[in-house]
Amino acid sequence: MELDFQTSVDYFWALLPEIVLSLWAMGVLLADVFQKGSRSEASRPAIAWLALAGIAAAAVANVWLMTVTGTGGMIAVDGFRIFANFILLLAAALAILVSMGYLDRHAMNRGEFYVLLMFAVVGMMILASAQDLILLFVGLELMSVAIYVLVGFNRRDPRSGEAALKYFLLGAFASAFLLYGIALVFGATGTTDLALLAETIGTGVQDAPLLLMMGVGLLAVGFAFKVAAMPFHVWTPDAYDGAPTPITALMATGVKAAAFAALLRVFAVSFGGLHETWVVAFWWLAALTMIGANLVALTQGSVKRMLAYSSIAHAGYVLVAVVAANAVGAAAFLFYLLVYTLMTAGAFGIVIANARGDRERVSLEDYAGLGWQQPVMAAAFAIFLLSLAGFPLTGGFIGKLYILRAALAADQVPLAVILVMASLISYFYYLRVVIVMYMRPAPAADTHAGLTASRPLQVAVGVAAIGVILLFFAPAMVLDAAQGSVAGLFIAQEALFGLSRGP
Amino acid sequence: MLTYYLGLSAILFSIGVAGVIVRRNAIIMFMCIELMLNAVNLSFIALSPYAGIEGQVFVFFVIAVAAAEAAVGLAIIIALFRHVESVDVRNFSLLRW
C-alpha cells in the first residue's frame with residue numbers, strides 16, 4: 001500500500017500498530033475493572049496474558065506495516081521504524097513475562113500495571129518513528145509519564161516512591177531542555193518536519209546560525225539525559241535501583257532503545273548537514289560514558305545497581321554507532337539494540353528470580369554458590385553477563401564487533417580504542433559475579449533452595465538466552481534485516497551531499 | 001521586538017533551571033520546571049509569526065503534556081510524603097551509591 005498522507009485515513013493505516021495497542025490497552029483496563037469484585041482485589045493472571053496478546057497483536061500489525069510505503073507524513077513509514085518497533089515490542093513482551101510472578105510476590109498485582117506498560121510502549125513506538133518534532137515530543141511524554149507512574153508503582157516501598165520522584169524531576173527537567181531545543185531549531189529553520197529540516201540544514205545557508213546551534217546543543221543535552229549518557233546520568237542508578245525490577249528491565253531496554261532511535265533520526269539524519277559540529281559533543285559524551293560508567297560499576301556491591309551502571313556503559317557503546325552516523329553505523333546500532341535488549345532483560349529476569357518472598361537478594365554475596373545449587377539459573381545469568389561483557393560465543397561480541405567496524409569505517413579510531421579499553425574494564429565486574437556464583441561456596445547447603453522462578457519468567461529468560469546465543473552463530477540474518485531497514489534512512493542525505501560518509 | 005521576547009524567554013528558562021538546581025523542596029523544583037516549560041511556550045509564540053503556525057500548535061501540546069505531568073508528579077510527591085512526611089529532597093536518601 002502506498003500512503004501519501006493527503007487524507008487522515010492514511011494516518012490511520014500508518015499508525016495501525018500504535019492504534020491497535022492503544023485500543024487493546026483500554027480494553028484490558030475495562031476487562032480488569034469488570035472482573036474484579038472490589039478495588040483491593042488482585043487482578044487475575046488472565047489480565048497479564050491479555051496484555052501479552054495485545055503486544056502480539058501490535059507485532060502482527062507491525063508485520064503488516066512492512067507491505068506499506070509512504071512519505072511526507074508526520075510519522076515515518078520505513079524499515080527503521082519497523083525494526084525499532086520489533087525491538088520495543090520484544091522488550092515489552094519480556095517485561096510482561098517477568099512481571100507476572102513478581103507482582104504476585106510483592107502483592108501489587110493490579111491490571112493498571114500492564115495497561116500503563118502498554119501505553120508506555122505506544123509512546124516508545126511513536127517516539128522511535130516520529131517524523132516531526134511535535135510528534136516526537138508527544139511520544140516522548142506519553143512514554144515518560146507512564147514510566148514515572150510505573151517506577152513508583154510499589155506504593156508500600158519508600159524506595160520505589162523515591163526513585164519515581166527523582167526520575168520524574170530529572171525527566172521533566174530534561175524534557176524542558178529538549179523542548180527549548182526544539183523551539184530554537186524551529187525558530188531558526190521555520191519547520192518541525194524532520195525531512196524538511198534535513199533539507200534546510202543540508203543547504204548550508206542559515207538565516208540564524210546562532211539560534212540553530214543553540215537549539216541543536218539543547219536538543220543534545222535533552223537526549224543525553226534521556227539515554228543516560230554521562231555526565232547526564234545522575235538519575236539513572238537511583239531510578240533503576242528503586243523501581244520494581246521488571247520496570248527497571250523495561251527502562252533499560254525499551255525506553256533507552258526508543259530514545260536512541262529518535263536520537264539517531266534527529267541527529268544522524270535531520271542534522272546530517274551539521275555532522276562536523278555535533279559529532280564533537282557526542283564523541284566526548286560517548287568516551288566519558290564508556291570510561292566513567294565502567295569505572296563506577298566496578299565499585300558497586302549490589303548486582304541490580306551494577307546492571308544499572310552497565311546499562312549506562314552500553315549507552316556509551318551505542319553512542320559510538322551514532323557518532324559514526326553512516327549506514328554501517330545505523331545497522332550496527334539496530335543490531336546492538338536488539339542484542340542489548342535480550343541480554344539486559346534476561347539479566348534482570350535472573351535478578352527477579354533470585355528472591356525470597358518479597359525480599360530481593362541483590363547483593364553480590366547473595367549470589368555465592370548459586371552455580372551449584374541452581375545450575376540452570378546461574379548458567380543463564382552467566383550467558384547474559386558474558387554477553388554484556390562482549391565475550392565470543394555470545395551476541396554481545398558480534399554487536400560490539402559491528403559497532404567497532406562502523407567506528408573504523410567513519411575514521412573514529414580513538415573512539416574504537418576507547419571502546420575496547422572500556423570493555424576490558426567491564427570484564428572485571430561482569431566476571432566477578434560469575435566467579436562469585438561458581439567459586440564461592442554458599443553460606444548453607446539450602447541457601448538457594450526453593451527459588452521458584454515462575455513459568456513465564458523461565459520462558460522469558462530462556463528466549464533471551466537462546467536469542468543471545470543465536471545472534472552469535474547466525475547474526476547474518478538479523479544484520480541483513482538491519483541493513484535493509486536503514487537503507488532508506490540516509491538516501492535523502494546522500495542525494496543532498498552527493499556522497500555518503502564511509503562505505 | 002523578537003529579540004526582546006526571546007531574551008525574556010531565555011531569562012525565564014534560566015530562572016527555572018537555577019531554581020531546580022538550587023532549591024531542595026520537591027514542589028518548588030516542580031514549579032521551576034513548569035516555569036521552564038512556559039518559557040519555551042513564550043519562545044514558540046514569539047517565533048510563530050516568522051517561522052510558521054506550527055509554533056502555536058506546539059504550545060497546545062505543551063500545555064496538555066504539562067497538565068498530565070503535573071497530575072502524575074504531584075501524585076508521586078503525595079505517595080512519597082506518606083512515607084517520609086517531607087517534601088525536602090535532602091530527606092530522600094534511601095538510594096545511594
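Below, chain A is the first sequence line, B the second, and so on; all start at residue 1.
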Chain B heavy atoms under 4.5 Å from A/Phe137: which part of the residue, side chain, backbone, both or neither?
side chain
Counting heavy-atom pairs under 4.5 angstrom with chain A, the leader among B/Arg82, B/Met36, B/Glu34 is B/Met36
For A/Asp241, does its backbone N or O pair with a side-chain atom of A/Lys304 as donor and acceptor, under 3.5 Å?
yes
Can you tell me which of B/Leu47, B/Val84, B/Val40 forms the most heavy-atom pairs within a distance under 4.5 Å of chain A?
B/Val40
Heavy-atom pairs under 4.5 Å with chain B are the metric here; pick the option from A/Gly301, A/Pro158, A/Ala176 that has the most.
A/Pro158
Which region of B/Ala64, side chain (C-beta onward) or backbone (N, CA, C, O), has a non-hydrogen atom less than 4.5 Å from a non-hydrogen atom of chain A, or is it both or neither?
neither
Are the aromatic rings of B/Phe13 and A/Tyr180 close, with centres under 6.0 Å apart?
yes
Smallest heavy-atom separation, A/Leu135 atom then A/Met74 atom, equals CD2-O, 3.5 Å
For A/Glu141 and A/Ser175, test the side chains for any donor-to-acceptor distance below 3.5 angstrom and give the result as yes or no.
yes
Between A/Arg305 and A/Asp238, is the closest basic N to carboxylate O distance under 4.0 Å?
yes
Taking side chain as everything from C-beta outward and backbone as N, CA, C, O, which of these in B/Ala26 sits under 4.5 Å from a heavy atom of chain A? Side chain, backbone, both or neither.
both
Quick check: does any side chain N or O of B/Ser9 sit under 3.5 Å from a backbone N or O of B/Ala39, one acting as donor and the other as acceptor?
yes
Who wins among A/Ile182, A/Thr189, A/Leu184 for the most heavy-atom pairs under 4.5 Å with chain B?
A/Ile182
When the aromatic ring centroids of B/Phe30 and A/Phe168 are compared, is their separation below 6.0 Å?
yes
Can you tell which of B/Leu37, B/Val65, B/Ile77 has the highest number of heavy-atom pairs within less than 4.5 Å of chain A?
B/Val65
What residue in B/Asn41, B/Val17, B/Val57 has the most heavy-atom pairs under 4.5 Å with chain A?
B/Val17
Name the region of A/Asp132, side chain, backbone, both or neither, that has any atom closer than 4.5 Å to a heavy atom of chain B.
neither
Any idea how A/Phe113 and A/Phe153 line up, ring-wise: parallel (<30°), tilted (30 to 60°), or perpendicular (>60°)?
perpendicular
Please rank A/Leu169, A/Leu211, A/Val145 by heavy-atom pairs under 4.5 Å with chain B and give me the top one.
A/Leu169
Determine the option with the most heavy-atom pairs under 4.5 angstrom with chain B, choosing from A/Gly152, A/Ala188, A/Ala164.
A/Ala164
